[in-house]
Engineer: 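Dropping a structure here in structure tokens format, bear with me for questions.
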Protein chains: 2
Amino acid sequence: MDLQALVDAASTRDWDTDPEGTVSLSVVGLGNYARSVSIPAIEAGDYATVSAVVSGDAEKAARVGDVHGAVPLTYEQFAEGEGVDAYDAVYVATPNRIHLDHARTAADQGKHVICEKPLEATPERAAALADACEAAGVTLMTAYRMQTDPVIRALTSFVSAGGIGEPTKAMGEFSFPVLAGSKGPDQWRLDAELAGGGALMDVGVYPLNTTRYLLGADPVAVDAMARASEPFGSQPDDPESPRFADEHVHVLAEFPAGTVGEFTASFSGDADSWLEVVGSDGRIRLENAFVPGGDRTVRVSTDVGEVEFSGVGMDETVEEFDYFAHCVLTDTPPEPDGRDGLTDVAVSEAVYEAAATGERTPVERY
Amino acid sequence: MDLQALVDAASTRDWDTDPEGTVSLSVVGLGNYARSVSIPAIEAGDYATVSAVVSGDAEKAARVGDVHGAVPLTYEQFAEGEGVDAYDAVYVATPNRIHLDHARTAADQGKHVICEKPLEATPERAAALADACEAAGVTLMTAYRMQTDPVIRALTSFVSAGGIGEPTKAMGEFSFPVLAGSKGPDQWRLDAELAGGGALMDVGVYPLNTTRYLLGADPVAVDAMARASEPFGSQPDDPESPRFADEHVHVLAEFPAGTVGEFTASFSGDADSWLEVVGSDGRIRLENAFVPGGDRTVRVSTDVGEVEFSGVGMDETVEEFDYFAHCVLTDTPPEPDGRDGLTDVAVSEAVYEAAATGERTPVERY
């Protein structure tokens, strides 16, 4: 692939077979991300619609349902199968540790599932989630929006075609000041039990998963450092003070061919997101890499030349839901499937162990 | 320091007291770096001159001495004190593992020493080198040219004044295709015995030392991954085939306040050098960070604004020799002293141990 072909590919949807029909979704969990990013993306796309909305707060469900013309449901109603005929598939956007419950409900109802990342809070629960969907014969997609970003898809083809030679290392960061957000410490992302971890599970998974996708390979072992933290206002010396595992996390990930990934993520401090993949004959640098709907700036330098581009591609979250619906409509397994989501949870478990023990930790296979 | 003050500082030499006189140098070791970078820098500066040149090859010494009007010496002649009155100080630019021998000779002669980085191949030898200079009462500077780069010096003041808030992490890379160079595997940098290691000792020390300088702190423990390699043309399965420790190296370095540094260096693949320092309230990104005489591009974003600049400052190698001579002329201890150089060798030893054992390794104090 030459460099102009790369730019062209980064501007193009590469999987659309123009199928008939649409897939109606029940959106389970109406947090800020679901309301302000996912639902607008579903409505902006071609193949998916919002037909039900589920919240622990009946009033919120009614309010959001009203705006979007969707059946409002509480979690209990959803679990009991109320309104089950209103939707073909379920989008799980609840806190990580209850993904399994909602995905099981969906699978039991024979509904396809698109589940937010990370797939669950522990590998065991992520494996159970994937197993439940497989046993029910429903499609399961882990909602890795980077994998449906045309820029990332084009770069993945470019790397696998040898565009930068043999990959030697990858580096990436996603720092997002969750602690400084309007919700401060009052959110499930900072609850280690509900989230399964801290910055790694919430934002670190982006450079990790995107690198796995770009390299087409999975880490076999990790070294890691992490700093635990207390929510603002708590007393550091108070043993009752809730902690989350990693306000900052740093990972060295060994891939099978000897490629090493360096990933960092933070819940505080200066915000930024970028990714580099370095090979024997070239380098890719992505800026604004993981911001939802962000305009990626891509710089590629290889032994045949250099190119820098931005302002190409499409909103990857619109792509994500259209891709999922397309997979359902065409009975095609999604690329970011349950096993893909499970792998990142297994890597994360190894990272937390490595950070705690100071020992290189193999990634368990589940 | 506001952002315009930072740009102004990055353009300015901040240590010059305009002393009387010059310092004449004996350049020991006439490899490519000494001939094409260091000697021209010495001659371009104000306070140092080249008055002797020392090589294992008498003809080379004569040829180089002729061009620069300097007394030519062999290593034996230098060791025996021939031409000792021709110079005030000694610039040691030989392979790492013989720095100690040449520095000891200089110290015994009562000459001041500026010694290339890394200070030696092992911490024990680096400590002996520093001790020899201290016992002789001569000035010892480790030749960290980044510490005399006005851009780096200005950024260090900016960080220590709280310009980016509390530092949370640093990341940096120096990849330089030594293996693809004209000398290929035929150079001492690829001889683990002479060099003390591979990419880490030769280029990885740049992001490591520069981060230490910028943070004003030293790592206490490291995690690391490294890939050993064979020189081109050798047989991977041949036990006689010489290996060097790290064609690629990846380091997580824990600093006392919890700041973590991520450093990588390579002897092959795409060449680049960059450094980022991230804080609670801002971020510094340096591109073209460690190239000799390179035009650093600096991007600083803080809670008070953003600035990007390049094309400022002076050639840091000219600065380096002038700074050394200035320290000698004014009897001032250099910032990059023997202990500074020793610390990086001690960190490197810990990195190689961590890479080999897979265990977080404390940095020994020597």
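Reminder, nothing fancy here: chain letters follow the sequence lines and each chain counts from 1.
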Engineer: Can you say whether B/Thr361 sits under 4.5 Å from chain A via the side chain, the backbone, both, or neither, judging by heavy atoms?
Structural biologist: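 For B/Thr361, neither part sits under 4.5 Å from chain A.
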
Engineer: Drop me the distance from A/Thr259's OG1 to B/Met225's CE, to the nearest 0.5 angstrom.
Structural biologist: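 If I round to the nearest 0.5 Å, the distance is 12.0 Å.
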
Engineer: Any chance OH of B/Tyr352 has more than 12 other-residue heavy atoms, nucleotides or ligands included, within less than 6.0 Å?
Structural biologist: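 Result for OH/B/Tyr352: enclosed.
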
Engineer: For the candidates B/Glu173, B/Glu254, B/Glu359, which exhibits the highest count of non-hydrogen atom pairs separated by less than 4.5 Å from chain A?
Structural biologist: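 It is B/Glu173.
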
Engineer: So which part of A/Val222 gets closer than 4.5 Å to some heavy atom of chain B, the side chain, the backbone, both or neither?
Structural biologist: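 When you check distances to chain B, only backbone atoms of A/Val222 fall under 4.5 Å.
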
Engineer: Could you look at A/Thr302 and say if it's the side chain, the backbone, both or neither that has a heavy atom under 4.5 Å from chain B?
Structural biologist: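 Neither part; nothing is under 4.5 Å.
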
Engineer: Evaluate the side-chain proximity of B/His248 to A/Val260: yes if any heavy-atom separation is below 4.5 Å, no if none is.
Structural biologist: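 No, every pair of side-chain atoms sits at 4.5 Å or beyond.
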
Engineer: Counting only heavy atoms not in B/Glu166, do more than 12 sit closer than 6.0 Å to its CD atom?
Structural biologist: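 No, CD of B/Glu166 has 12 or fewer neighbouring heavy atoms, counting only those of other groups under 6.0 Å.
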
Engineer: Check the pair A/Glu287, B/Arg299 against salt bridge (Lys or Arg N to Asp or Glu O under 4.0 Å), reporting the backbone distance first and the verdict last.
Structural biologist: CA-CA 14 Å; A/Glu287 293 187 9; B/Arg299 197 165 68 206; 3.8 Å; yes

Engineer: Within the structure provided, determine whether A/Ser301 and B/Asp270 are in side-chain contact (heavy-atom separation under 4.5 Å).
Structural biologist: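 Result yes, sub-4.5 Å side-chain heavy-atom pair found.
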
Engineer: Which bit of A/Ala253 comes within less than 4.5 Å of chain B, counting heavy atoms only: side chain, backbone, both or neither?
Structural biologist: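 Only the backbone of A/Ala253 comes within 4.5 Å of chain B.
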
Engineer: Give, for atom OG of B/Ser175 and atom CZ of A/Arg283, the distance between the pair rounded to the nearest 0.5 Å.
Structural biologist: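 Spacing of OG (B/Ser175) from CZ (A/Arg283) equals 5.5 Å.
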
Engineer: Is chain B contacted by the side chain of A/Asp303, its backbone, both, or neither, given a heavy-atom distance below 4.5 Å?
Structural biologist: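 Looking at A/Asp303, nothing touches chain B.
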
Engineer: Test your reading of the model: is there a side-chain donor-acceptor pair from B/Arg360 to the backbone of A/Ala224, 3.5 Å cut-off?
Structural biologist: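 Yes, because the side chain of B/Arg360 sits within donor-acceptor range (under 3.5 Å) of the backbone of A/Ala224.
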
Engineer: With side chains defined as the heavy atoms from C-beta onward, is the minimum distance between A/Met171 and B/Met171 less than 4.5 Å?
Structural biologist: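 Result no, sub-4.5 Å side-chain heavy-atom pair not found.
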
Engineer: A/Thr357 versus chain B, heavy atoms under 4.5 Å apart: side chain, backbone, both or neither?
Structural biologist: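 For A/Thr357, there is no contact with chain B at all, as no heavy atom is under 4.5 Å.
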
Engineer: Provide the closest heavy-atom pair for B/Leu252 versus A/Leu252 in the form atom of the first, atom of the second, distance.
Structural biologist: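 So the minimum-distance heavy-atom pair works out to CG-CG, 3.7 Å.
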
Engineer: Need one label for A/Glu276: side chain, backbone, both or neither, based on atoms under 4.5 Å from any heavy atom in chain B.
Structural biologist: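 Only the side chain of A/Glu276 comes within 4.5 Å of chain B.
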
Engineer: Between CZ of A/Arg227 and OG1 of B/Thr168, what distance do you get to the nearest 0.5 Å?
Structural biologist: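 Rounded to the nearest 0.5 Å, the CZ-OG1 separation comes to 6.5 Å.
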
